[in-house]
Amino acid sequence: MFAVLDRASGNSLELRLVACPWSAILPPVRAGTMGSGMRSLLVRRPDFLYVLIAGYCLLSIILKILRPDSLEIDESEQALLSQYLLLGYGAQPPFYNWLQYGVVALFGISVASLTIVKNGFLFLFLLFYGLTAGVLSNSRLAPAVAVLGVLTLPPVFLLSQRDLSHTVAALFAVSLFLYGFFRALKNPPNLGHYLLVGVAVGLGALSKYNFVILPAAALLAILPEAKLRKYLFDWRVLASVAVCAVIVAPHAYWVVNNLGHATGVTVAEMKEGADSALLPHAIQGLVSLAVASLKGVALTLAVFGLVFYADLGKILRAESLWTRVVGRMILACFLIIAIIVVAMDATHIRAKWLALFTALLPLYLTLKIDAAGLDPARRLPALLSIAGVLSVGVIVMLWARVFVGPMIGDYSFAHTPFNGFAQVVRAEPGPPPVAIVVDDRIVAGNLRIQFPDTRIILAGLSQEAERRLPAGRILAAWSAEGKGREEIPPRISALLQLMPATIADSKPTIVSVPYNAGRPGDVYTFAYVWADVR
């Protein structure tokens, strides 16, 4: 069986493929009524898969809401930044932030408003992914194979449910681009299709900067095909470029004036460990790229290999126009990435950075199966079972971990008792704070959930926000876990002096609050001081 195991090692999760007999994965089609019934349903109504996907996303939302309302890293950042509508927010493009800002403006800040945005993007990604497979294949079951296949990618079934945000939006842009791009190639030139491509590229560039590699690779992939090259020289390409330019122009203006903020963090992460590297940087970077690529696709290749093992030779030999195009796209993407790695002297590549490009693999494999002339109906129950165990199993595991983890002393962000700390603050005499000053993004986002009507100021995030700090009673709060945390953190102290603010307390108040769903006696420590701005 396939199992997702969680090891408390920082924030990392470990994915293992546990050996088991093939019969447990590929039960004979005639052996049980469940597999036969599901196969019959998907054969008769392949679009029912999208109902299952909607149910999966809805279940994810419900289980997230049922957990304690403490946020993970990316969620905390979204909660904090949803206070502001800016042209740029730092190392990540702003599309996700803009949409999150709009949702919060309409419905307020809450765990629900955060998780609905992410799962909405995830649903749209899977929807357009399936529609793309339907455009490229004559088989009614190809969309089901493609969607179930993409659900076996770790960034989709695991990382997106743990703590990704911008990558999920970029995955949606990937599937929207693929849908528009291949619809344009399979039909007579149509302005609407070209405009859709332009919109997808614009949204993708505003979701993740590395998205621009994908349309570049797509153009390279169709150059060898004489019947497709004509689409590159149609006047409608100018309309596509124009709509893309309009979408990205506001943020592009910000990037030009804030290039260091936009690229500094990513470049630093890619060069992590470069000073102590034993091999030349180019070799180490390419090895890291190869390892990250293998991590991203190994499970999906194993699943398709197990499910279609009887026809592997036929599938590998099969070829069509669309397998050639998608195959070249994959190769071109990784070739461009390799050139960037060498040019930037990068030494460290993470598998999740490649998610936009490894997402092409299930589509390619589906098209190979289609080109081989195989009927996937017999294999759908097995593929559905594996994808279902992986995807649904992860969200159930993440929910159960909140209640099981404390039994073995395993505490995560979900257990941090920000709600209990908020109750302590509200019990203090005097008026509520007009603003809360913090020095950590996780604390900032979580206090935004607990104090939805109070401005949360992260020291060092935005000088403009700090200058507009309202007069009145200010709360400065931080995590007091670890040695030396009983003193006011330097960044908070500097900000309070800049305001200027008068600190009302002679020394910080230290408070220990029981963990959410924790064992009796296990506590988390916070510290805070009150200050006044006149």
Side-chain angles (χ1 to χ4, degrees), residues 2 17 19-23 25-29 39 42 129-130 132-154 156 174 178 182 185-186 214 217-218 220-225 227-228 289-335 337-338 351 354-355 357-387 390:
F2 289 89
L17 183 63
C20 68
W22 283 11
S23 60
I25 300 174
L26 299 173
V29 173
R39 181 194 66 182
L42 289 179
Y129 201 89
T132 301
V135 167
L136 296 178
S137 173
N138 294 322
S139 170
R140 295 171 59 247
L141 299 180
V145 175
V147 171
L148 293 175
V150 85
L151 279 171
T152 65
L153 290 171
V156 177
V174 166
L178 294 174
F182 286 116
L185 295 181
K186 285 208 68 175
L214 181 62
L220 294 174
I222 64 174
L223 284 177
E225 303 293 341
K227 64 181 294 186
L228 300 180
L289 173 61
V291 172
S293 303
L294 183 60
K295 287 181 179 178
V297 302
L299 179 59
T300 299
L301 289 174
V303 169
F304 272 87
L306 289 171
V307 173
F308 294 95
Y309 69 94
D311 299 297
L312 283 180
K314 190 175 182 180
I315 293 172
L316 292 174
R317 292 189 298 270
E319 183 182 289
S320 69
L321 169 64
W322 303 118
T323 62
R324 293 196 300 271
V325 170
V326 177
R328 289 192 201 108
M329 286 177 65
I330 296 174
L331 291 176
C333 284
F334 284 91
L335 178 60
I337 296 170
L354 307 176
F357 317 113
T358 55
L360 296 172
L361 179 63
L363 178 63
Y364 174 72
L365 296 176
T366 300
L367 295 175
K368 292 282 282 186
I369 294 168
D370 186 61
L374 300 177
D375 182 4
R378 289 173 50 84
R379 304 297 183 182
L380 275 183
L383 192 56
L384 178 63
S385 297
I386 296 173
L390 290 173

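- What you find for Ala371 and Ala318 is that their closest heavy atoms are C-CB, 3.7 Å.
- Taking the ring axis of Tyr309 as reference, the NZ or CZ atom of Arg379 stays within 45° of it and closer than 6.0 Å to the ring centre.
- In this structure Ser139 satisfies the side-chain contact (heavy atoms from CB on, under 4.5 Å) test together with Ser137, Leu141, Ala142, Asp370, Pro376, sequence neighbours excluded.
- Here the OG1 atom belonging to Thr366 is positioned 9.0 Å from the CG atom belonging to Leu361, to the nearest 0.5 angstrom.
- Each salt bridge (Lys or Arg N to Asp or Glu O under 4.0 Å) pair with one or both residues in residues 296-313, not counting sequence neighbours, would appear here, but there are none.
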Could you walk me through whether Thr300 and Thr358 satisfy the side chain to side chain contact (heavy atoms under 4.5 Å, CB included) test, starting with their C-alpha distance in whole Å, then the side-chain angles of each, then the deciding distance to 0.1 Å, before giving a yes or no? CA-CA 10 Å; Thr300 299; Thr358 55; over 6 Å; no

Test side chain to side chain contact (heavy atoms under 4.5 Å, CB included) applied to Leu153 and Leu299, step by step: CA-CA 7 Å; Leu153 290 171; Leu299 179 59; over 6 Å; no

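- Between the side chain of Tyr129 and the main chain of Ala359, a donor-acceptor pair closer than 3.5 Å is present.
- Looking at every heavy atom in both residues, Ala387 comes nearest to Leu151 through CB-CB, 4.2 Å.
- Remark: Thr132 engages Leu136, Leu178, Tyr179, Phe182, Leu363 in a side-chain contact (heavy atoms from CB on, under 4.5 Å) (not counting sequence neighbours).
- Heavy atoms only, all atoms of each residue included: Leu220 and Ala332 are closest at CD1-CB, 4.4 Å.
- In this structure, the side chains of Val297 and Leu354 stay at 4.5 Å or more apart for every pair of heavy atoms.
- When the ring-ring contact (aromatic ring centres under 6.0 Å, His included) test is applied to Phe357, no partner is found at least two apart in sequence or on another chain.
- Considering CD1 of Ile369 and CZ of Phe308, their distance stands at 3.5 Å, rounded to 0.5 Å.
- Under the salt bridge (Lys or Arg N to Asp or Glu O under 4.0 Å) criterion, the residue pairs touching residues 315-331 are Glu225-Arg324, Glu225-Arg328, Glu319-Arg324, with sequence neighbours excluded.
- Scored by the side-chain hydrogen bond (donor to acceptor under 3.5 Å, both in side chains) test, Thr323 finds no partners at all (sequence neighbours excluded).
- Between the CG atom in Leu228 and the NZ atom in Lys186 there is a gap of 11.0 Å [rounded to 0.5 Å].
- At a threshold of 4.5 Å between non-hydrogen side-chain atoms, the residues Phe304 and Val145 count as touching.
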Thr152 and Leu390: CA distance, side-chain angles, deciding distance, side chain to side chain contact (heavy atoms under 4.5 Å, CB included) verdict: CA-CA 7 Å; Thr152 65; Leu390 290 173; 4.1 Å; yes

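- For the atom pair CG (Leu185) and CH2 (Trp322), the distance works out to 5.0 Å, reported to the nearest 0.5 Å.
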The test is side chain to side chain contact (heavy atoms under 4.5 Å, CB included); show your working for Met329 and Tyr364 and say whether it passes. CA-CA 10 Å; Met329 286 177 65; Tyr364 174 72; over 6 Å; no

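- The nearest pair of heavy atoms linking Leu360 to Val326 is O-CG1, 4.1 Å.
- The closest side-chain heavy-atom distance from Leu301 to Leu365 is below 4.5 Å.
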